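Remember, it's a predicted structure, so these values are computed and weren't measured experimentally.
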Amino acid sequence: MRDTRIEITVHDSLSAIAAEDWDACACPEAADGGRPDDPFTTHRFLSALERSGSVGSGTGWAPRHLTAELDGQIIAAAPLYAKGHSQGEYVFDHAWAHAYERAGGQYYPKLQIAVPFTPATGRRLLVRPGLESVGRSALIQGAVQLAAENRVSSLHITFCTEEEAEDGAQMGLLHRVSDQFHWLNRGYADFDAFLADLSSRKRKAIRRERRTAQEFGGVIRAYTGDDLRPKHWDAFWRFYQDTGSRKWGTPYLTRAFFEEAQAHLRQDILLVLAERDGQPIAGALNFIGRDALFGRYWGCTEHHPCLHFELCYYRAIDFAIQNGLSRVEAGAQGEHKLARGYLPAHCHSLHWIADEGFRAAVEQYLAAERSAVDEEIEIMTSYGPFRKTQTEDE
């Protein structure tokens with residue numbers, strides 16, 4: 001049970017919560033000035049989304065952030081949004097929405113604890129160290145109560161950690177499992193050491209792709225921190241618009257978000273640009289965590305063979321090896337990542353559904369889906385590019 005002394009508060013803007021209070025829950029490991037485990041739940045990242053108008057009025061993402069306070073101190077927080085659609089989530093429930101509405105219900109608005117537009121696993125129930133159990137319980141109970149009082153159809157917690165998913169399931173939430181592709185660093189000294197772990201055929205294919213990518217007629221440069229300049233964002237905005245309009249119809253992030261990134265997030269960012277004659281023609285945007293690199297966006301104004309693979313996947317692996325990071329998370333979807341050394345990994349989400357009949361139907365569906373995902377991961381892993389035995393290429 002939640003401690004009766006805990007007070008849950010709903011905030012319609014992150015600006016109502018002091019950065020130090022939020023980050024004490026979101027990234028206590030960064031209190032020493034180091035990097036956060038998850039750059040996306042920091043006060044600076046979520047605030048950039050709000051200040052830039054990427055979320056908020058007219059976007060279908062209305063902030064309803066939760067804080068849990070005990071004895072005058074914020075001990076837990078959650079990035080909560082009232083959603084008017086299911087866009088930008090990457091754990092999609094479109095089929096649920098259609099089924100619910102065909103049955104005469106109103107699926108939207110719903111509540112979502114998530115990082116908008118960000119398919120990266122991390123803590124969603126942000127709690128000060130040592131208070132994990134009471135803090136998570138308070139946030140889940142508070143979010144469910146808010147959903148029930150406002151008579152919304154459902155509450156969703158997406159890309160949470162496995163530990164959070166297990167705790168939520170014990171509290172009666174439905175547990176969903178999906179997958180995406182991650183590259184894991186097995187202590188490689190350099191990129192060649194990684195290639196040595198692959199089968200001969202896959203190793204040769206990657207080397208061929210990297211040579212082909214270099215033939216675009218320019219140079220590839222990586223920018224982070226104070227090396228980033230406004231001109232780089234001018235270029236990347238063009239790339240992002242092109243990709244966003246093709247994938248989603250309308251890009252999720254506003255131009256102002258990239259100005260916020262330059263002002264407040266550039267230490268968290270790795271921007272890889274392909275440049276010819278001093279002009280960027282393609283780019284990949286990554287965020288840097290304490291132990292992981294998170295690939296987020298790619299775009300170009302010219303199409304060149306294999307350049308996408310080089311900028312998004314191979315340069316990310318290079319950076320992870322050089323900086324001692326344990327993994328690269330390459331975002332949603334993309335079985336083509338398998339041949340490039342990225343293996344399938346489980347992702348977790350939690351769901352509360354108000355209607356008991358609909359909840360039972362979804363619960364049955366999720367059980368079958370979990371089994372299918374487990375089987376798919378096992379099969380795809382077996383087809384991975386890594387050598388099955390030490391003597392395979394000998």
Checking ring-ring contact (aromatic ring centres under 6.0 Å, His included) for the pair Phe40/Phe294: CA distance, chi angles, key distance, verdict? CA-CA 10 Å; Phe40 304 114; Phe294 302 91; 5.3 Å; yes

Check the pair His11, Ser13 against side chain to side chain donor-acceptor pair (under 3.5 Å), reporting the backbone distance first and the verdict last. CA-CA 5 Å; His11 309 265; Ser13 172; over 6 Å; no

Is any side-chain heavy atom of Leu228 closer than 4.5 Å to a side-chain heavy atom of Trp233? yes

For the ring pair Trp96 and Phe358, is the centre-to-centre distance below 6.0 Å? no

When you check the gap from the basic side-chain N to the acidic O, do Asp268 and Arg44 get nearer than 4.0 Å? yes

Salt bridge flag under 4.0 Å for residues Arg5 and Asp71: yes

Please determine if Lys110 and Glu89 form a salt bridge, counting it only when a charged side-chain N lies under 4.0 Å from a carboxylate O. yes

Distance from Phe159 atom CZ to Thr41 atom OG1, nearest 0.5 Å? 14.5 Å

Just so I know, are the side chains of Pro79 and Ile113 near enough to count as touching, which here means a heavy-atom distance under 4.5 Å? yes

Donor-acceptor check, side chain of Glu50 to backbone of Leu14, threshold 3.5 angstrom: yes or no? yes

State whether a side-chain donor-acceptor pair under 3.5 Å links Ser349 with His351. yes

When you group the ILVMFWY residues by side-chain heavy-atom contacts below 4.5 Å and let the links chain together, are Leu70 and Val10 in the same group? yes

State, without any angle test, whether Gln112 and Thr158 hold a side-chain donor-acceptor pair at a distance under 3.5 Å. yes

Using 30° and 60° as the class boundaries, would you call the ring planes of Phe236 and Tyr240 parallel, tilted or perpendicular? parallel

I'd like to know if Arg176 pairs up with Glu369 as an ion pair, taking the criterion as any Lys NZ or Arg NE/NH1/NH2 lying under 4.0 Å from an Asp or Glu carboxylate oxygen. yes

Starting from the C-alpha separation in whole Å, work towards a yes-or-no answer on side chain to side chain contact (heavy atoms under 4.5 Å, CB included) for Leu311 and Leu273. CA-CA 7 Å; Leu311 267 60; Leu273 295 176; over 6 Å; no

Strictly by modelled atom types, are Asp190 and Gln322 linked by a side-chain donor-acceptor pair under 3.5 Å? no

Between Asp234 and Arg229, is there a salt bridge with N-O shorter than 4.0 Å? no

Ignoring hydrogens and angles, tell me if any N or O in the side chain of Thr381 forms a donor-acceptor pair with the backbone of Glu378 under 3.5 Å. no

Pair Ile269, Leu285 - check side chain to side chain contact (heavy atoms under 4.5 Å, CB included), show working. CA-CA 7 Å; Ile269 286 172; Leu285 176 62; 3.4 Å; yes

Hey, mind stepping through Asp355 and Tyr100 against side chain to side chain donor-acceptor pair (under 3.5 Å) and telling me if it holds? CA-CA 10 Å; Asp355 184 272; Tyr100 196 77; 5.0 Å; no

Quick one, Ile75 and Val127 - any side-chain contact, counting heavy atoms below 4.5 Å? no

Sub-3.5 Å donor-acceptor pair from the side chain of Glu69 to the main-chain atoms of Ile8, do we have one? no

Check: Glu209 side chain, Phe309 main-chain N or O, donor-acceptor pair, under 3.5 Å: no

Side chain to side chain contact (heavy atoms under 4.5 Å, CB included) between Lys202 and Arg340, worked out: CA-CA 8 Å; Lys202 295 298 185 182; Arg340 290 156 186 95; over 6 Å; no

Cys25 backbone acceptor or donor facing Arg128 side chain under 3.5 Å: no

Below 6.0 angstrom between ring centroids: does that apply to Tyr313 and Tyr342? yes

Once the angle between the rings of His336 and His308 is folded into 0 to 90°, is it parallel (under 30°), tilted (30 to 60°) or perpendicular (over 60°)? tilted

Output yes when a side-chain donor or acceptor of Glu275 lies under 3.5 Å from a complementary backbone atom of Ile220, and no otherwise. no

Between Asp374 and His346, is any side-chain donor less than 3.5 angstrom from a side-chain acceptor? yes

Side chain proximity check, Lys204 to Arg207, heavy atoms < 4.5 angstrom: no

Over 12 foreign heavy atoms within 6.0 Å of CD, Gln106: no

Tyr297 and Asn286 side chains, donor-acceptor separation under 3.5 Å: no

Nearest heavy-atom contact between Gln267 and Ile288 is O-CD1, 4.4 Å

Would the distance check show the side chain of Ser371 and the main-chain N or O of Ala368 forming a donor-acceptor pair, the cut-off being under 3.5 Å? no

Can Asp318 and Arg210 be counted as an ion pair, charged N to O under 4.0 angstrom? yes

Can you confirm whether or not the ring centre of Tyr81 sits under 6.0 Å from the ring centre of His65? yes

Are side-chain heavy atoms of Arg136 and Leu126 found at a separation under 4.5 Å? no

For Tyr188 and Trp183, take the angle between the two ring planes, folded into 0 to 90°, and tell me which bin it lands in: parallel under 30, tilted 30 to 60, perpendicular over 60. tilted

Does the ring of Phe287 carry Arg296 above it, NZ/CZ under 6.0 angstrom from centre and within 45° of its axis? no

Side chains of His264 and Arg51 in contact at under 4.5 Å (non-hydrogen atoms): yes

Under a 4.0 Å N-O cut-off, is there an ion pair linking Asp38 with Arg123? no

Just by distance, with hydrogens left out, do Tyr90 and Ser178 show a side-chain donor and acceptor under 3.5 Å apart? no

Measure from the side-chain N and O atoms of Thr59 to the backbone N and O of Gly56, and report whether any donor-acceptor pair falls under 3.5 Å. yes

Output yes when Arg290 and Asp32 qualify as a salt bridge under the 4.0 Å nitrogen-oxygen rule, no when they do not. yes

Step by step, would you call Val328 with His182 a side chain to side chain contact (heavy atoms under 4.5 Å, CB included)? CA-CA 6 Å; Val328 177; His182 299 170; over 6 Å; no

Are Arg327 and Glu329 ion-paired here, with the side-chain N under 4.0 Å from a carboxylate O? yes

Does a salt bridge link Arg315 with Glu310, judged by any charged N lying under 4.0 Å from a carboxylate O? yes

Is there a donor in the side chain of Ser326 and an acceptor in the side chain of Asp291, or the other way round, less than 3.5 Å apart? yes

Counting C-beta onward and ignoring hydrogens, is there a side-chain heavy-atom pair between Leu80 and Leu155 closer than 4.5 Å? yes

Working note: Gln145 + Glu149, criterion side chain to side chain donor-acceptor pair (under 3.5 Å); need CA distance, chi angles, decisive distance, verdict. CA-CA 6 Å; Gln145 182 177 340; Glu149 289 176 349; 2.8 Å; yes

Side chain to side chain, Leu66 and Thr9, heavy atoms closer than 4.5 Å: no

Side chain Ser54, main chain Thr254, donor-acceptor under 3.5 Å: yes

Is there a donor-acceptor contact under 3.5 Å from the side chain of His156 to the main chain of Leu350? no

